[in-house]
Amino acid sequence: MPSKSIDHAFTARALTSAATDPTHAGALSFMRRRYTKNLNGAEAVVWGIPFDAAVSNRPGARFGPQAIRRASAIFDNDPQYPFQRDLFANLAVIDYGDCLLDYGNHQKTPATIEREAAKIIKSGAFLLSLGGDHFVTWPILKAHAAKHGPVALVQFDAHQDTWYDDGKRIDHGSFVGRAAHDGVIDPAHSIQVGIRTHAPDDCGLKIVYGYEVEELSAAEIAKQIIMRTAGRPIYLTFDIDCLDPAFAPGTGTPVAGGPSSAKILSVLRHLTELNIVGADVVEVAPAYDHADVTAIAGATIAMYYLGILAEKKSKAAKLAI
């Protein structure tokens, strides 16, 4: 097997090189990207945040980054569907590893995440974060808003996450309300997709409920997102419980009546032209998963983010010729 490699996460000679590790073996970085804390030359950074102390139901999302990385091995060395390209031929992506958190001092967690996120964002790289519960999005949003100003939030979720917050809570169900009240997001250009619960306040965000997702086409849902965000810098957050439990059983707060993974991936495919400045996938809890169904969905969503970046870079290069 002269053309095969192994442990590409450590042996890769270039950030843009394709991996050829056997799917069932080798070091499990995200899609075999090089593990490194060196941000030089990186256009996109995959970063794990293994935190789940903010959950209101079942814990376990601290193991989400590990599970998503493991599941990503299934598509690390083929032309990635539906982008019809090796995503890493021209897009330099690294796996930055995980955020180091003190499990015995949760009050320090937000500042730790925000500080590390700000460092990555300052490098100019696109930050793709793997949660962790949905609280981790709060400090990441702050880091992005520090650079871009209030961002348009595009949230795929079964929950609004706008419950009461005194500004001090470590809570995965209130970060959107806090972000709206503190001016971290722009509610007038933000949208939530797949919502299947009710909170006392929508904080000014547009909501596309679960039943509407069922009735609308992927293109129609994408059109609502595009119109709502209106060209603003976008932070895209994906709570895996947006999907129906049939497609994502491995999560802490599953809600029946959600869309299929195929439907929502089709929506993402229509968002190529949006100004997405950062993104995450959160709430994958592998202890409740079966056959890596949820982890595969999470890894695929993360791969789509990178596919959108690779496609945009390719189009920009062609226009520059």
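All values reported here derive from a predicted model rather than from experimental measurement.
- In the model, T251 has no side-chain atom that pairs as donor or acceptor with a side-chain atom of D241 under 3.5 Å.
- Ionic pairing of E214 and K263 is not present here: no N-O contact between side-chain nitrogen and carboxylate oxygen is shorter than 4.0 angstrom.
- Remark: the Q192 side chain and the D202 side chain contain no N/O donor-acceptor pair separated by less than 3.5 Å.
- When atom types are taken as modelled, the side chain of R62 and the backbone of I49 share no donor-acceptor pair closer than 3.5 angstrom.
- Geometrically, R33 engages F88 in a cation-pi contact defined by less than 6.0 Å to the ring centre and at most 45° from the axis.
- A heavy-atom distance below 4.5 Å is found between the side chains of L101 and I113.
- Here the side chain of D95 pairs no donor or acceptor atom with the backbone of S29 at under 3.5 angstrom.
- Atoms CD1 and CD1, on I140 and I120 in that order, are 9.0 Å from each other to the nearest 0.5 Å.
- Between the side chains of D280 and Y235, at least one donor N or O sits under 3.5 Å from an acceptor N or O.
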- [ ] Test side chain to side chain contact (heavy atoms under 4.5 Å, CB included) on N90 and T16 and set out the steps.
- [x] CA-CA 6 Å; N90 297 297; T16 53; 5.8 Å; no

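- Within 6.0 Å of atom CD in E215, more than 12 heavy atoms from other residues, nucleotides or ligands are found, so the atom counts as buried in its surroundings.
- For S17 and H8, the side-chain atoms include at least one donor-acceptor pair closer than 3.5 Å.
- A distance-only check finds a donor-acceptor pair linking the side chain of E220 to the backbone of S217 [under 3.5 Å].
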- [ ] Take S129 and V136 through the side chain to side chain contact (heavy atoms under 4.5 Å, CB included) test and state the conclusion after the steps.
- [x] CA-CA 9 Å; S129 304; V136 306; over 6 Å; no

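- More than 12 non-hydrogen atoms from other residues, nucleotides or ligands lie less than 6.0 angstrom from NZ of K37.
- Under the 4.5 Å side-chain criterion, counting only non-hydrogen atoms from C-beta, V93 is not in contact with E43.
- Relative ring orientation between F51 and F135 is described as tilted, the plane-to-plane angle lying within the 30° to 60° band.
- Annotation: cation-pi geometry satisfied between R58 and Y288 (NZ/CZ under 6.0 angstrom from ring centroid, within 45° of ring axis).
- Counting only N and O atoms by type, the side chains of D165 and S174 include a donor and acceptor under 3.5 Å apart.
- Using modelled atom types, one side-chain atom of S190 and one backbone atom of D186 make a donor-acceptor pair closer than 3.5 Å.
- Side-chain atoms of E283 and H172 form a donor-acceptor pair, as typed in the model, at a separation below 3.5 Å.
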- [ ] Start with the C-alpha distance between T11 and I6, add both sets of side-chain angles, then the distance that settles side chain to side chain contact (heavy atoms under 4.5 Å, CB included), and finish with yes or no.
- [x] CA-CA 8 Å; T11 62; I6 194 71; 5.9 Å; no

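- Atom NZ of K223 sits in a sparse spot, with 12 or fewer heavy atoms from other residues, nucleotides or ligands closer than 6.0 Å.
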Open item on the list: Would Y96 and Y35 count as a ring pair (Phe, Tyr, Trp, His ring centres under 6.0 Å) here? Give the steps.
Closed with: CA-CA 6 Å; Y96 196 73; Y35 264 127; over 10 Å; no

- [ ] Dump the intermediate steps for side chain to side chain donor-acceptor pair (under 3.5 Å) on Q160 and D201, then the final yes or no.
- [x] CA-CA 9 Å; Q160 292 177 246; D201 191 352; over 6 Å; no

TODO: Begin with the C-alpha distance, continue with both residues' side-chain angles, and end with the deciding distance and a verdict on side chain to side chain contact (heavy atoms under 4.5 Å, CB included) for I301 and F156.
DONE: CA-CA 11 Å; I301 291 160; F156 291 86; over 6 Å; no

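- M303 approaches F30 most closely through the heavy-atom pair N-CZ, 3.9 Å.
- Ring-plane geometry between F175 and H134 is classed as tilted, the angle between the planes lying from 30 to 60 degrees on a 0 to 90 degree scale.
- A centroid separation of 6.0 Å or more is found between the aromatic rings of Y305 and F238.
- Closest of all the heavy-atom pairs between G132 and P65 is N-CD, 3.8 Å.
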- [ ] Give the intermediate values and the outcome of salt bridge (charged side-chain N to carboxylate O under 4.0 Å, His left out) for residues E311 and R269.
- [x] CA-CA 11 Å; E311 200 164 69; R269 190 71 184 94; 2.9 Å; yes

